[in-house]
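A short worksheet on the structure shown next.
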There are 2 protein chains.
Amino acid sequence: MADSYHHGNLRQALIDAGIKLINENGEENLSLRKVAAACKVSHAAPYAHFKDKEELIDAIKNNVTERFMDELEAAIEGRATADEAIIAMGKAYVTFFHRNPDYYVFLFGKQNITAHLKMNKEYKNDYPPFLLLRRMYLKHLKENGLDKSYEEQEIDMVKIWSIVHGMASIACMKGIRSSIDWNDLDERILV
Amino acid sequence: MADSYHHGNLRQALIDAGIKLINENGEENLSLRKVAAACKVSHAAPYAHFKDKEELIDAIKNNVTERFMDELEAAIEGRATADEAIIAMGKAYVTFFHRNPDYYVFLFGKQNITAHLKMNKEYKNDYPPFLLLRRMYLKHLKENGLDKSYEEQEIDMVKIWSIVHGMASIACMKGIRSSIDWNDLDERILV
DNA sequence: GCGGCTATCTTTACATTGTCAAGTTTACAC
DNA sequence: GTGTAAACTTGACAATGTAAAGATAGCCGC
């Protein structure tokens, strides 16, 4: 069914083509019609799979977020201690965006994080990287026999997240990007 | 010259109308034609003052950045010690964006920082907030009789900036925004 | 005062884009 | 086989960015 009337798997093809086009031309130059053309379907075909342009972009965003999480999880894989895992995760966090600054803008540029998390109240607890951090942080407390209040825990985690996320953000800025050895830096910064 | 053929001060009027429209409808819904209409001029009039849409947006960005800097400078005004000033500046940094999340996306969403800083190599040293931080940090070293290598200084400053900037970024995310008392938090996080 | 120069603004035009509506084709259940 | 729904095409429309050409007005040298 490769060249039949029905495409076969247009939905995924649109997402893939979208990622490719965004990597080449940036999100602001992405048009539904170009994505459709890249898949050799008519300009209105995407509307069978996505409500509007935003829904396609959200789908792409989810796809990228999954790849991001894959790298974070790969980074903590096999680390002996929670401390090591947290350091590794922080490095992977910064490295992921430093290696591809476009993804930072794409994921956080409009502050959507991910489409399926779109709501107007507390969702930090559902943000995948934060869940991973919490898991490692609790492991860290246990390993070191520490006992902290919920509030103290929150502060610690936000602190770690802030450093890492802030570094990632700064590391992506044009001009600053190449002026600092991030891979070296985060090792010393993450206490 | 209020209703003459020439507007009088169209350039500034376009910037002001642009800020207003962005605050109301977001950057993604800003169109040159709407801005022109808000100033009661023809849709092509802006081209006499700005090369293209991006140049108008950059001008608006500079305007907002100036207001941002004003608040940072006001925050350190009259602080006794550098440490106090840095804390105050950090709070002002986070507060500015927490109070108006749209500005964070607007200023950093496309990672441009400001138009006049647009170049492809090191410009951290020209980023106004960073200059202010450096000034305060050097004051801090002197006040406490500390002597650090240039590299150690860089790490310290990036660390401070990362925490503050990361907190600002996170504080702006929908859903997380209201779930944390940022004003209380940054006081305890900034060592 | 006057001619001209230039910046400012208008009008017109065009290509790109998001989206809708109506029709066409295909797969699939019954 | 027939109907039904999903997947796709075609055609249309309004909004938008931008270029080109013309109109207007302030200003400068004389």
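Residue numbers start from 1 in every chain, and the chains themselves are labelled A, B, ... in the order their sequence lines are given, proteins ahead of strands.
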*Which nucleotide, C/dT11, C/dC9, D/dC8, lies nearest any side-chain atom of B/Leu10?*
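Selected nucleotide: C/dC9.
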*Looking at B/Tyr103 and B/Arg67, what are the two nearest heavy atoms and their distance?*
OH-NH2, 2.7 Å
_On DNA chain C, does the nearest nucleotide to A/His43 precede the nearest nucleotide to B/Arg11 from the 5' side, or the other way round? Give the residue._
B/Arg11
I need the [atom1]-[atom2] distance between [X] and [N], as an integer number of Å.
X	N	atom1	atom2	result
B/Glu28	D/dT16	CD	C1'	15 Å
B/Leu21	D/dT16	CG	C1'	15 Å
B/Ile57	D/dT16	CD1	C1'	13 Å
A/Asn25	C/dT17	CG	C1'	15 Å
B/Lys40	C/dT10	NZ	C1'	17 Å
B/Asn29	D/dA15	CG	P	14 Å

*First locate atom CD of B/Glu24, then atom CG of B/Leu30, and finally report the distance between them rounded to the nearest 0.5 Å.*
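One gets 11.0 Å once the value is rounded to the nearest 0.5 Å.
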_B/Ile15 CD1 to B/Asp58 CG distance, which is reported to the nearest 0.5 Å_ =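 Reported to 0.5 Å precision, the distance equals 10.5 Å.
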_Any residue of residues 31-39 of chain B with a heavy atom less than 4.0 Å from an atom of DNA chain D_ = B/Ser31, B/Leu32, B/Arg33, B/Lys34
_Does anything in residues 45-53 of chain B come within less than 4.0 Å of DNA chain D? Heavy atoms only, and list the residues if so._
B/Tyr47, B/Asp52, B/Lys53
*Only one of B/Leu132, B/Ile163, B/Leu72 clears side chain to side chain contact (heavy atoms under 4.5 Å, CB included) with B/Tyr93; which?*
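Exactly one candidate clears the test, B/Leu72.
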_Using a 4.0 Å heavy-atom cut-off, does A/Leu56 contact any base of the nucleic acid, only the sugar-phosphate backbone, or nothing at all?_
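Here A/Leu56 touches no strand at all.
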*Give a yes or no on whether the ring-centroid distance for A/His165 and A/Tyr104 is below 6.0 angstrom.*
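Centroid distance A/His165-A/Tyr104: below 6.0 Å, so yes.
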